[in-house]
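Working notes for the structure below.
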Amino acid sequence: MKRYIGEIGLTITAIIWGSGFVMSALALDYYTPYQILAVRFTIGAILLALVFHKRLRKVERNVLWKGAVLGFLLYAAFALQTVGLQFTTPSKNAFLTGVNVVIVPFIAFILYKRRLDTFELFGAVLALLGVAVLSLQWSAGVNFGDVLTLGCAVLFAFHIFYTAKFVRTVDPILLTLLQMAFAAVIGCLTVIGLGETSFSMVSSGMGAVIYLAVFSTTIAFLMQTIAQKHLSETKAAIILSTESVWGMAFSVALAYEVLTFRMFLGALLIFVAILLSETKPQFFRKRNVQHVNERKI
């Protein structure tokens, strides 16, 4: 049951993030990328502190540094993705960000000697292929923006991995609050350092950035952190890769794009990857048990 709670939580997170693509595009008409990040994380930290302020009494040094690590990874990943988008195409940016799905299992293998699950690894590769088909416009060449976006994918992979590792021993709600607070501090210092302290008060722009702050940041990351307590980091990365599918779905529903066969195929590959990582091992285990029983008979 806990596994299903985790899967549902991460699926809802991916849906919320998918809806955020449209809002991000609207917010960028009124704010700089760094202003959006500062506002998102600041509002997120304030909302979480207002609701869960009593949990701050449980803050200890080891919990504090874990929140700081996740907060740094979170802000740095978003910043690299944002800056990278200024030098590369949106499709390559989306694809290279999705590379995190295949990086996660290798982080566990290289740093902690954790055995690579064949089905999860194959599912991760298949999910990446789905993201490629869904988002990538096949243009040649690698530029500075591509390198920055790949760095963003690495940081997101570490964020997913260490979130799964930390929530085993730390209250996930407290961990979300702390990482949001640290990301907010970094975001505000960055905006002040860049001299971008003048914010637009246009209602449409404010509405978009508030949506990103409340839903795509506060609720989504809270659900991600809680959900990852019940799933492996690789499965979490595969489910979160459906963000691109939901982004496409919202874009089509709002008439920003027309559904094509390529989009359908990419979405299908990602969902097959999820089914493979979730059900295939169980299927083979049943077959192996049946085979053994037949031999005994």
Side-chain angles (χ1 to χ4, degrees), residues 1-20 37 40-78 100-101 103-105 107-108 111-112 114 120 155-187 212-243 246 274 277-278:
M1 180 60 69
K2 289 183 178 180
R3 189 192 74 181
Y4 292 126
I5 292 174
E7 291 170 351
I8 293 171
L10 288 179
T11 301
I12 295 175
T13 299
I15 293 173
I16 294 174
W17 284 347
S19 70
L37 292 180
R40 285 180 66 165
F41 293 127
T42 300
I43 292 178
I46 292 173
L47 289 177
L48 289 172
L50 287 174
V51 177
F52 302 110
H53 59 90
K54 291 183 179 179
R55 294 176 184 259
L56 290 172
R57 301 171 185 172
K58 302 177 183 179
V59 174
E60 298 176 354
R61 183 176 298 179
N62 69 315
V63 180
L64 200 62
W65 77 260
K66 289 175 181 176
V69 168
L70 291 183
F72 169 77
L73 290 172
L74 188 61
Y75 184 86
F78 271 110
N100 74 77
V101 73
I103 297 176
V104 170
I107 292 176
L111 296 184
Y112 296 94
R114 193 174 302 167
E120 288 189 0
L155 291 176
F156 272 130
F158 272 101
H159 181 267
I160 292 172
F161 176 81
Y162 279 112
T163 296
K165 183 177 176 61
F166 292 160
V167 292
R168 293 171 187 167
T169 57
V170 176
D171 177 6
I173 295 177
L174 180 59
L175 193 62
T176 306
L177 196 165
L178 291 175
Q179 70 168 313
M180 206 65 63
F182 278 104
V185 170
I186 297 172
L212 292 173
V214 175
F215 292 96
S216 297
T217 305
T218 309
I219 296 177
F221 280 106
L222 180 60
M223 293 190 72
Q224 179 200 350
T225 308
I226 294 174
Q228 281 201 244
K229 193 177 183 69
H230 309 296
L231 293 174
S232 71
E233 58 275 359
T234 302
K235 283 185 179 179
I238 294 173
I239 295 174
L240 290 175
S241 71
T242 62
E243 171 192 0
W246 298 112
I274 294 173
S277 64
E278 286 295 320

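These values consider heavy atoms only, across backbone and side chains, with no hydrogens, waters or symmetry-generated copies. Residue numbers run from 1 in the order of the sequence given.
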**Prompt:** Considering all heavy atoms of both residues, which atom of Gly71 and which atom of Ala183 are nearest to each other, and what is their separation?
**Reply:** O-CB, 3.8 Å

**Request:** Any chance you could measure Leu47, atom CG, to Thr42, atom OG1, to the nearest 0.5 Å?
**Result:** 11.0 Å

**Asked** What are the two closest non-hydrogen atoms of Gly6 and Ala227, and how far apart are they?
**Response** O-CB, 3.4 Å

**Message:** Thr11: which residues meet the side chain to side chain donor-acceptor pair (under 3.5 Å) condition with it, sequence neighbours left out?
**Reply:** none

**Request:** Any salt bridge (charged side-chain N to carboxylate O under 4.0 Å, His left out) involving residues 214-234? Give me the pairs, sequence neighbours left out, ordered by first then second residue.
**Result:** Arg114-Glu233, Arg168-Glu233

Using residues 218-225 as the side-chain source, report each donor-acceptor pair under 3.5 Å to any protein atom, sequence neighbours left out, with the distance given to one decimal.
residue : atom : partner : partner atom : Å
Thr218  : OG1  : Ala213  : O            : 2.7
Gln224  : NE2  : Gln228  : OE1          : 2.8
Thr225  : OG1  : Thr176  : OG1          : 3.0
Thr225  : OG1  : Phe221  : O            : 2.8

**Prompt:** In terms of heavy-atom contacts, does CZ of Phe215 have more than 12 from other residues, nucleotides or ligands at under 6.0 Å?
**Reply:** no

**Non-neighbouring partners of Phe182 that pass ring pair (Phe, Tyr, Trp, His ring centres under 6.0 Å), sequence neighbours left out** = none

**Message:** Leu74 vs Phe41, test: side chain to side chain contact (heavy atoms under 4.5 Å, CB included). Steps then yes/no.
**Reply:** CA-CA 10 Å; Leu74 188 61; Phe41 293 127; 3.6 Å; yes

**Results of side-chain contact (heavy atoms from CB on, under 4.5 Å) for Leu174 - residues two or more places apart only** = Arg55, Leu56, Lys58, Val59, Val63, Asp171, Leu178

**Message:** Are the side chains of Ile239 and Leu231 in contact, using a 4.5 Å heavy-atom criterion?
**Reply:** yes

**Asked** Residues in side-chain contact (heavy atoms from CB on, under 4.5 Å) with Ala157, at least two apart?
**Response** Asn100, Ile103, Val104, Ile107

**Prompt:** Would you call Phe158 and Leu111 a side-chain contact if the rule is heavy atoms closer than 4.5 Å?
**Reply:** yes

**Item:** Arg61: partners by salt bridge (charged side-chain N to carboxylate O under 4.0 Å, His left out), with sequence neighbours left out
**Value:** none

**Asked** Roughly how far apart are Leu10 CG and Ser241 OG, rounded to 0.5 Å?
**Response** 11.0 Å

**Prompt:** How would you list, by chain and number, every residue that makes a side chain to side chain donor-acceptor pair (under 3.5 Å) with Lys165, sequence neighbours excluded?
**Reply:** none

**Message:** To the nearest 0.5 Å, what is the distance between CD on Glu60 and NZ on Lys66?
**Reply:** 10.0 Å

**Request:** If a pair satisfies salt bridge (charged side-chain N to carboxylate O under 4.0 Å, His left out) and one of its residues is in residues 67-76, list it, with sequence neighbours excluded.
**Result:** none

**Item:** Which residues share a side-chain contact (heavy atoms from CB on, under 4.5 Å) with Ser216, sequence neighbours left out
**Value:** Ile16, Trp17, Arg40, Tyr211, Leu212

**Prompt:** ring-ring contact (aromatic ring centres under 6.0 Å, His included): which pairs involve residues 51-76, sequence neighbours left out?
**Reply:** Trp65-Phe166

**Asked** Distance from Ile160 atom CD1 to Thr234 atom OG1, nearest 0.5 Å?
**Response** 9.5 Å

**Message:** Taking the side chain as everything from C-beta on, heavy atoms only, tell me whether Leu70 gets closer than 4.5 Å to Thr163.
**Reply:** yes

